[in-house]
**Q** 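Here it is, the structure in full.
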Amino acid sequence: MNIFALFETRVREALESLTRSGRLPEGLDLSRVVVEPPRDASHGDLATNAALVLAKEAKQNPKALGEALAEELRTDPRIVEASVAGPGFINLRLAPEVFQDVIRAALSEGENFGRGHMPGGPVNIEYVSANPTGPMHVGHGRGAVFGDALANLLAAAGRPVTREYYINDAGAQVDVLARSAYLRYREALGETITIPEGLYPGDYLKPVGMKLAETHGRALLDQPENEWLPQVRRFAIDAMMAMIREDLAAIGIRHDVFFSEATLQGENGGKVAELLDALRQKGLVYEGRLPPPKGQLPDDWEDREQTLFRSSQFGDDVDRALLKPDGSFTYFASDIAYHRDKWLRGANELIDVLGADHGGYVKRMQAAVKAVSDGQARLDVKLCQLVRLLRAGEPVKMSKRAGEFVTLRDVIDEVGRDAIRFMMLYRKNDATLDFDLAKVVEQSKDNPVFYVQYGHARRFSVLRQAREALPDEDFSPAALLADADLSVLTDPGEIEMMRLIAQYPRVLESAAAAHEPHRIAFYLYETASSLHSFWNKGKDLPQLRIVNPTDRNSTRARLALVEALGGVLASGLAVLGVSAPNEMR
């Protein structure tokens, strides 16, 4: 039950009534009409901008139009007050029965409450996609958690979602990996090695070298590089991907598809060559010269004729090269081919979750997706800013195993999956995140993950108390739905909790539409705080205690409210991929 959608429909019906009566012209564009929470909760339960956004087109004074619309809305028995504020906003105060119906819906639907049927076709979300050259670091972890939570969020909103990992298993970096692993192979056979600059020094390749020695013995030593390199490269990539999958599993992240970059460039150029043919058929490839880059010229820049894609025709700043001087495909050409493949597999919305250093990638890839799909698909690129890892305010030293950074697995082992996932989502993805290993395990209000999980555990704590105090009562959700008299919930703290529960469907929908899972984390903290505040009021005011053996009526009603709120907390935590414990230990 989404009261915002429900009353948006009511506002539109009221506008149609004004049109039929001649007080509004026909054919008004209602697409910008919304119903949302008022900026100040003291102004009411809902607010609509209808009069404000329609006044100019209707050629009417917005306040006068607001008064006419408010008059029409007052005829609805569910609306006890409709008042015009400021330049034309209409604030609505709802009858208590509306919120009581919300609680009943939440009890009836359980963790499905608020989950919707968001319009739109299949979504492909590509996230993590770390180069398979070593263990995942904390920065990878932020993109991984964000992408996974966004996939959960869109699925909860009703969109079909494919979760994808792009394996960068072609190009120079995997050759560097192979040569680094080969050195560790020689080390495993008893040689003393020195790792030259440019190869990967981390100890994580030692087990790979040992496994190579077990598998091949000394045979690879007798082969020239052009023979051992492809064997070691495949072996090392598989070993790195196995390690990455284990790290992802430890943080509760899964993918439906692992797509190999190497498969793009098969016989006769493979899918990249197919892409160039498709672009040529559209007239989007030409031979030309690019203007020099702004600022100081890169050392490798050449003023030469190139094979170019008309990306500026689709919103990019300049056209882009598709072939290198040696005739091989550019990385950009491969990227276009990959995104075209995602579209051909059925996704009309593509989301790439990337690191902050990929800002220059956004416009060109959005232009490319628009071109290859004839505008049928759109690409949203979400950039995740850096993570500063701290312990009690001090920077954390690099990992000995990785050699150059702190591994994600080190952090998982220290603070656990829930703390990482919640705190990675407690800031917007494009803001730098300070992750303090000491603070995220504190049991205090200042630690959001603890406070929200504690709110969910309190749901079960009060239920245990009620069963001990009133063992003859049935406090199951079905019994509470049937028997609880919700009209007794009149305290401001109870009303605040009911309002927050009513907001959940809208929060879920708007967060999914904006691709912003952090909104769920913020909402959960506010909702858990409302329960904790009401609980604390009951310590000082016995009449507000949730479990009151001398007042079974209020006990049933408050347990129904807490059960509904707890269901919302569980649902939101599931979207974030965080556990909802029944008790805190």
Side-chain angles (χ1 to χ4, degrees), residues 119-126 129 162 164 166-172 257 259-295 297-298 300-354 358-383 515:
V123 186
N124 181 294
I125 305 182
E126 180 210 330
S129 299
T162 297
E164 190 147 338
Y166 184 58
I167 305 172
N168 294 276
D169 55 357
V257 176
F259 189 98
S260 164
E261 179 187 2
T263 63
L264 290 171
Q265 299 186 21
E267 188 177 349
N268 299 319
K271 294 180 180 180
V272 189
E274 290 176 13
L275 162 76
L276 262 64
D277 288 342
L279 292 177
R280 285 193 173 99
Q281 289 173 19
K282 294 172 184 280
L284 299 177
V285 177
Y286 70 101
E287 302 299 316
R289 294 176 181 271
L290 290 174
K294 295 179 181 179
L297 292 180
D300 60 352
W301 187 80
E302 295 180 58
D303 182 11
R304 62 181 179 85
E305 193 165 89
Q306 302 180 68
T307 300
L308 302 173
F309 162 55
R310 298 184 188 277
S311 55
S312 59
Q313 189 173 315
F314 299 90
D316 196 4
D317 297 326
V318 296
D319 292 342
R320 304 286 176 178
L322 297 172
L323 296 177
K324 298 177 184 177
D326 63 3
S328 63
F329 301 117
T330 61
Y331 291 119
F332 181 53
S334 293
D335 285 343
I336 303 175
Y338 171 50
H339 285 77
R340 178 174 181 262
D341 185 82
K342 288 195 271 192
W343 173 63
L344 291 174
R345 281 186 269 138
N348 64 2
E349 184 170 3
L350 312 180
I351 302 173
D352 291 354
V353 180
L354 302 172
H358 286 75
Y361 175 92
V362 178
K363 270 191 177 181
R364 69 187 70 175
M365 282 314 307
Q366 288 177 333
V369 168
K370 190 182 295 184
V372 299
S373 70
D374 295 322
Q376 297 177 39
R378 74 181 189 95
L379 170 68
D380 185 16
V381 180
K382 310 301 288 189
L383 301 178
H515 298 168

**Q** Using side-chain contact (heavy atoms from CB on, under 4.5 Å) as the criterion, point out the one residue from Gln366, Arg378, Met365, Lys342 that pairs with Leu350.
**A** Lys342
**Q** Between Ser311 (side chain) and Val318 (backbone), is there a donor-acceptor pair under 3.5 Å?
**A** yes
**Q** Given the rule in the side-chain contact (heavy atoms from CB on, under 4.5 Å) test, do Leu308 and Arg320 qualify, once you have shown the distances and angles that lead to the verdict?
**A** CA-CA 5 Å; Leu308 302 173; Arg320 304 286 176 178; over 6 Å; no
**Q** If you compare all heavy atoms of Arg364 against all heavy atoms of Tyr361, which two are closest, and at what distance to 0.1 Å?
**A** CG-O, 3.3 Å
**Q** Heavy-atom distance under 4.5 Å between the side chains of Glu261 and Ile167, does that happen here?
**A** no
**Q** So Phe309 and Phe332, would you call those rings parallel, tilted or perpendicular, with 30° and 60° as cut-offs?
**A** tilted
**Q** Show the nearest heavy-atom pair for residues Lys324 and Phe329, with the distance to one decimal.
**A** CE-O, 3.4 Å
**Q** To check you understand the geometry: which heavy-atom pair defines the closest contact between Ser373 and Val369, and what is its length?
**A** OG-O, 2.7 Å
**Q** Do Asn124 and Ile351 have side-chain heavy atoms sitting under 4.5 Å apart?
**A** no
**Q** Can you tell me if Asp316 uses its side chain to pair, donor with acceptor, with the backbone of Ala367 under 3.5 Å?
**A** no
**Q** Is the closest side-chain heavy-atom distance between Val372 and Leu275 below 4.5 Å?
**A** yes
**Q** Could you go through Phe259 and Leu264, starting from their C-alpha distance and side-chain angles, then the distance that decides it, and tell me whether this counts as side-chain contact (heavy atoms from CB on, under 4.5 Å)?
**A** CA-CA 9 Å; Phe259 189 98; Leu264 290 171; 3.8 Å; yes
**Q** Determine, step by step, whether Asp335 and Arg340 satisfy the salt bridge (Lys or Arg N to Asp or Glu O under 4.0 Å) criterion, reporting the C-alpha distance in whole Å, the side-chain angles of both residues, the deciding distance to 0.1 Å, and the verdict.
**A** CA-CA 9 Å; Asp335 285 343; Arg340 178 174 181 262; over 6 Å; no
**Q** Is the shortest distance from a Lys or Arg side-chain nitrogen in Asp341 or Lys271 to a carboxylate oxygen in the other one below 4.0 Å?
**A** yes
**Q** Do Glu349 and His515 have side-chain heavy atoms sitting under 4.5 Å apart?
**A** yes
**Q** Tell me the closest heavy-atom pair linking Leu276 and Val285, and the distance in Å.
**A** O-CG2, 4.3 Å
**Q** Okay, side chain of Ser129, backbone of Tyr166: is any donor-acceptor separation there less than 3.5 Å?
**A** yes
**Q** Does some side-chain heavy atom of Pro122 sit less than 4.5 Å from a side-chain heavy atom of Asn348?
**A** yes
**Q** Between Arg345 and Glu164, does any NZ, NE, NH1 or NH2 come within less than 4.0 Å of an OD or OE carboxylate oxygen?
**A** yes
**Q** Grab the two heavy atoms, one from Ala368 and one from Ile336, that are nearest each other, plus how far apart they are.
**A** CB-CG1, 3.7 Å
**Q** Would a distance-only check, ignoring hydrogens and angles, find a side-chain to backbone donor-acceptor pair under 3.5 Å from Thr307 to Leu322?
**A** no
**Q** Let me see the working for His339 and Leu379 under side-chain contact (heavy atoms from CB on, under 4.5 Å), right down to the final yes or no.
**A** CA-CA 9 Å; His339 285 77; Leu379 170 68; 4.2 Å; yes
**Q** Where do Leu383 and Gly359 come nearest, in terms of heavy atoms and distance?
**A** CD1-CA, 3.7 Å
**Q** Kindly compute the distance separating CD (Gln306) from OG1 (Thr330), expressed to the nearest 0.5 Å.
**A** 9.5 Å
**Q** Is the closest side-chain heavy-atom distance between Val381 and Leu354 below 4.5 Å?
**A** yes
**Q** Look at the side chain of Asp326 and the backbone N and O of Ser328, then say whether any donor-acceptor pair between them is shorter than 3.5 Å.
**A** yes
**Q** Is the shortest side-chain N to carboxylate O distance from Asp352 to Lys382 below 4.0 Å?
**A** no
